[in-house]
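These notes concern the structure reproduced below.
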Amino acid sequence: MPRSIWKGPYVAVNLLQDVVALARKHPEWWNKGRFQGQKAPEVINTYSRASVILPDFLSCRFGIHNGKSFVNIEVQEAMVGHRLGEFAPTKGTPQHKVKDAGTNKKKINPKTGKS
Amino acid sequence: MVQIQRVALFPNATFHIALQRVFGLGRSTSLAVAEACGISKDLKVKDIKDSYLQKVSSYIENNFTTGDTLKRQIRDNVLEQVAINTRRGVRHTLGLPVTGAQTRNNGVNARKLRPLFQYDTSRR
């Protein structure tokens, strides 16, 4: 069952504080440059994969932790409403060993020791 | 041959069951449509008058998305997830189970259905 709507979306407090600090530090980018296509001045690294992406976060850049490193994401319009963790995969893709049929192994008879 | 939403209905079948051949109508919605248009549950398709069939067609058009429009909607939803590069979108492209099923065993259907982006198994 998803979170009740009357509670509002979940955003971690430290993430919100970081975003507000960024907005205060770069007010013209926050108010105007964002909507004109300028890139975010800083990347905000966060461990909170459960936070919902708010419409206020448009065109911010986040580094989302996946257990080992931070995955860089730039927020677009279609991403609003999803959680941060959906964009940072936590598992690597397995590379299975390929058996080569090319190498010919000479079969050695174990009793006589000859091929 | 009776045609509703470009789907031919079997003449000897019960109406609200035959109506389920339309993509987008299932057991409960088909019954609701029949009730709203005043068609009894035990009537066969061949016994229904044309005026009632007209009512059914217009009721379905006004209140439900069916057929190709529905398939396009589903396809667009899937493609949106793929475009944003969410985990769900990646699972769709790889042909693996999307809603958390294990891949150690099973997962056969997901791999089989990967090329059919419209997720319509009635035409394969």
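Worth knowing before you read on, the calculation uses all heavy atoms, side chains too, and leaves out hydrogens, waters and symmetry mates.
In this structure, the separation between CD on A:Glu86 and CD on B:Gln81 is 7.0 Å, given to the nearest 0.5 Å. Taking OG1 from A:Thr93 and CG from B:Leu94, the interatomic distance works out to 8.5 Å, rounded to the nearest 0.5 Å. In this structure, NE2 in A:His82 is found 7.5 Å from CZ in B:Arg88, a value given to the nearest 0.5 Å.
The environment of B:Gln54 atom CD is sparse: at most 12 non-hydrogen atoms of other residues, nucleotides or ligands sit within 6.0 angstrom. Within 6.0 Å of CZ on A:Arg3 lie more than 12 heavy atoms contributed by other residues, nucleotides or ligands.
B:Val2 and B:Val22 fall within a single hydrophobic cluster, where Ile, Leu, Val, Met, Phe, Trp and Tyr side chains are chained together by heavy-atom contacts under 4.5 Å. Following chains of ILVMFWY side-chain contacts shorter than 4.5 Å, one can reach B:Tyr59 starting from B:Ile4, so the two form part of one hydrophobic cluster.
Nearest heavy atom pair, residue B:Thr86 against residue A:Phe87, reads CG2-CE2, 3.3 Å.
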